[in-house]
Amino acid sequence: MPTWFCSREWFCHVGQFVEDGKGSPEDLLFFYEHLRKGGGAYRVDKGLLLYRYHEQAATHSVSEETIWVHRVRFLEEKVLAHWPSFTIWNAGKQGRKLYRSLTEANRQKVVAFCDVDSNKISKGCYTYEESKERPKPRIPVIHFQDAKAPFVVCVKLDLTGGGFEENLKSLDLTEGEDFYHFN
């Protein structure tokens, strides 16, 4: 579980936690406000604390769907608003879920899904069946080497024995400019 901290002065500047009650991800919302106000985040690859959960912890009252919705909206606000088009890296479950969760305007910016799975690529496209549009949107599914940046990457790290990471590295992209992880 990633953990972060800030000074009391910055905490007061950001505006403290929004206490909307049970089921609200107040720490995530505070973190997003921290970023909106120019706060940074730095990775420390060392355990600095021990985090314990208990059965009555408020964190268990926040649904995955609630967190997903907030994450997608923040991605749209901070990243996708600045991109005229983009590719979703993952033609599987998570990539398609992201696509369906986007606003219509951002769905229209998706030029392709990319993947390494030949079965997904051989289908040629993903058809958004739930769409009310006619004809239904059909998004190409292509090999990652044929795809163009920028990318929203919906692939979890450390799950492919380093294969995904090597594929990403082979494209010589800059994180935060050419791609963002969303997983």
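Numbers here simply count residues along the sequence, with the first being 1.
- Residues Ile88 and Val72 fall within the same hydrophobic cluster, defined by Ile, Leu, Val, Met, Phe, Trp and Tyr side chains chained together at heavy-atom separations under 4.5 Å.
- Within the 4.5 Å cutoff, the side chain of Gln94 has no heavy atoms near those of the Val155 side chain.
- Note that Arg71 lies in the cation-pi zone of Phe182, set by a 6.0 Å cut-off to the ring centre and a 45° limit from the axis.
- The shortest distance between side-chain heavy atoms of Glu130 and Lys136 does not fall below 4.5 Å.
- For Phe86, there are no ring pair (Phe, Tyr, Trp, His ring centres under 6.0 Å) partners at least two apart in sequence or on another chain.
- Taken together through direct or relayed side-chain contacts under 4.5 Å among Ile, Leu, Val, Met, Phe, Trp and Tyr, Ile142 and Phe144 form parts of separate hydrophobic clusters.
- The shortest side-chain heavy-atom distance between His70 and Ile67 does not fall under the 4.5 Å cut-off.
- Taken to the nearest 0.5 Å, the CG atom of Asn90 stands 15.0 Å off from the OH atom of Tyr99.
- Aromatic ring centres of Phe113 and Trp89 lie farther apart than the 6.0 Å criterion allows.
- By the 6.0 Å and 45° rule, Lys97 stacks over the aromatic ring of Trp68.
- Side-chain atoms of Val152 and Leu80, non-hydrogen and from C-beta on, do get closer than 4.5 Å to each other.
- For Phe11 and His13, the gap between ring centers reaches or exceeds 6.0 Å.
- Salt bridge status for Arg36 with Glu77: present, with a side-chain N to carboxylate O gap under 4.0 Å.
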